[in-house]
Asker: 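I have a structure here, written as structure tokens, and I will follow up with some questions on it.
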Amino acid sequence: MRGRKKMPRTAFPFTAESSRQDPRAYEDLHAAFIFCSPRRTLAPLAFPPVRQPASSPSPPSPPPRFFPTSAKMPFKRFVEIGRVALVNYGKDYGRLVVIVDVVDQNRALVDAPDMVRCQINFKRLSLTDIKIDIKRVPKKATLIKAMEEADVKNKWENSSWGKKLIVQKRRASLNDFDRFKVMLAKIKRGGAIRQELAKLKKEVAA
């Protein structure tokens, strides 16, 4: 037929061994043969069986996944009514406040005995371990009474976090002469430590 390009015989290197290894090659060869034939008769495909090597072991089944039934929550501090928090940014920096209401997923209504009730972003709050038992949006007198009963001030000052902030405030309030006295005290303490260490070394060597 004029105008039809004949397919070369070497265009499809197909053998029985290659059909067993890759059945798709046989399918591609059959489709090309039907397309190039003048009548384009469609014959049913018969794929040669794929032989599996007898020596290859079956893949091991994955181990069963274990889901613990009694999982513990890693978080113990939650944004909730009655949670005591520390303001870490803004004009009220370093002040202890109590969450009295949750406005939305970004803001909370906070209050304290020495401040006006206001909204503040969660990013500006650092939650503490202290929590008091109050209802939603209590009165000022009720809030002060609940904080006194829970002894919030002493709990905060006795905690490691509170002690660290107290030391930072004390150091920030020092003047030049006070810082000079602190430096001399550190030098004196270092000398006493070195003397005691030298005595222990002599005792061990003897």
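Quantities reported herein were computed from a predicted structural model and do not represent experimental measurements. Note: hydrogens, waters and symmetry copies are ignored here, and every other heavy atom, side chains too, is used.
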Asker: Please indicate whether R179 has more than 12 foreign heavy atoms, meaning atoms of other residues, nucleotides or ligands, lying under 6.0 Å from its CZ.
Answerer: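 Above 12, so yes.
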
Asker: With the threshold set at 4.0 Å, does a side-chain nitrogen-carboxylate oxygen contact exist between D129 and R77?
Answerer: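 The answer is yes: the pair qualifies as a salt bridge.
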
Asker: For the residue pair V182 and R171, establish whether any side-chain heavy-atom pair is separated by less than 4.5 Å.
Answerer: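 Side-chain contact under 4.5 Å: no.
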
Asker: Please walk me through it: do R194 and L197 pass side-chain contact (heavy atoms from CB on, under 4.5 Å)?
Answerer: CA-CA 5 Å; R194 285 192 295 271; L197 185 61; 5.6 Å; no

Asker: Which pair of non-hydrogen atoms, one from A112 and one from L143, has the smallest distance, and what is that distance?
Answerer: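 Taking A112 first and L143 second, the nearest heavy atoms are N-CD2, 4.2 Å.
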
Asker: Measure the NZ-CG distance between K153 and D151 for me, rounded to the nearest 0.5 Å.
Answerer: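 Here the interatomic distance stands at 10.0 Å.
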
Asker: Say you draw a straight line from NZ of K91 to CE of M115; how long is it, rounded to the nearest 0.5 Å?
Answerer: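 Reported value, rounded in 0.5 Å steps: 7.5 Å.
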
Asker: Any non-hydrogen side-chain atom of D101 less than 4.5 Å from a side-chain atom of V110?
Answerer: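 In short, these two side chains do not touch, never coming nearer than 4.5 Å.
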
Asker: May I ask you to test the I134-V98 pair for a side-chain heavy-atom distance under 4.5 Å?
Answerer: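 In short, these two side chains touch, coming nearer than 4.5 Å.
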
Asker: What distance do L109 atom CG and R136 atom CZ have between them, rounded to the nearest 0.5 Å?
Answerer: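 So the gap between those two atoms works out to 9.0 Å.
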
Asker: Kindly check if the number of other-residue, nucleotide or ligand heavy atoms within 6.0 Å of NZ (K140) is above 12?
Answerer: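 Yes - once you tally the heavy atoms of other residues, nucleotides and ligands closer than 6.0 Å, there are more than 12.
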
Asker: Taking atom CZ as the centre, does F177 end up with more than 12 heavy-atom neighbours from other residues, nucleotides or ligands that are less than 6.0 angstrom away?
Answerer: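 At most 12 heavy atoms, drawn from other residues, nucleotides or ligands, come within 6.0 Å of this atom.
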
Asker: Atom CD in Q119, atom CG in D104: separation rounded to 0.5 Å?
Answerer: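 Output value for this atom pair is 7.5 Å.
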
Asker: Are D111 and V97 side-chain neighbours, meaning at least one heavy-atom pair lies under 4.5 Å?
Answerer: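 Side-chain contact under 4.5 Å: no.
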
Asker: Is it possible for you to say whether V84 and V87 belong to one hydrophobic cluster, with membership spreading through side-chain heavy-atom contacts below 4.5 Å?
Answerer: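 Not linked; separate clusters.
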
Asker: Do the side chains of L127 and F122 get nearer than 4.5 Å, heavy atoms only?
Answerer: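 No, their side chains stay 4.5 Å or more apart.
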
Asker: Do Y89 and N121 make a side-chain contact, defined as non-hydrogen atoms from C-beta onward lying under 4.5 Å apart?
Answerer: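 A side-chain contact under 4.5 Å is absent here.
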
Asker: Yes or no on side-chain contact (heavy atoms from CB on, under 4.5 Å) for I132 and M147, after CA distance, side-chain angles and deciding distance?
Answerer: CA-CA 7 Å; I132 61 176; M147 292 184 69; 3.8 Å; yes

Asker: So how far is it from L125 CG to I120 CD1, rounded to the nearest 0.5 Å?
Answerer: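 Taking CG in L125 and CD1 in I120, the distance rounds to 4.5 Å.
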
Asker: Would R83 and E80 count as a salt bridge (Lys or Arg N to Asp or Glu O under 4.0 Å) if you check the C-alpha gap in whole Å, the side-chain angles of each, and the deciding distance to 0.1 Å?
Answerer: CA-CA 6 Å; R83 177 66 62 181; E80 54 187 336; 2.6 Å; yes

Asker: Going from CD on E157 to CG on L96, what distance comes out if it is rounded to the nearest 0.5 angstrom?
Answerer: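 Separation between the atoms: 9.5 Å.
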
Asker: In the structure I gave you, are the side-chain heavy atoms of I81 and K135 within less than 4.5 Å of one another anywhere?
Answerer: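 No; the side chains remain at least 4.5 Å from each other.
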
Asker: Determine, stepwise, if the pair L184 / K188 fulfils side-chain contact (heavy atoms from CB on, under 4.5 Å).
Answerer: CA-CA 6 Å; L184 293 180; K188 187 176 180 180; over 6 Å; no

Asker: Given the rule that I, L, V, M, F, W and Y join up when any side-chain heavy atoms are under 4.5 Å apart, are W161 and I130 in one cluster?
Answerer: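 Result: yes, single cluster for both.
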
Asker: Would you indicate whether the side-chain heavy atoms of W156 and L165 approach each other to under 4.5 Å?
Answerer: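 SC-SC contact between L165 and W156 confirmed.
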
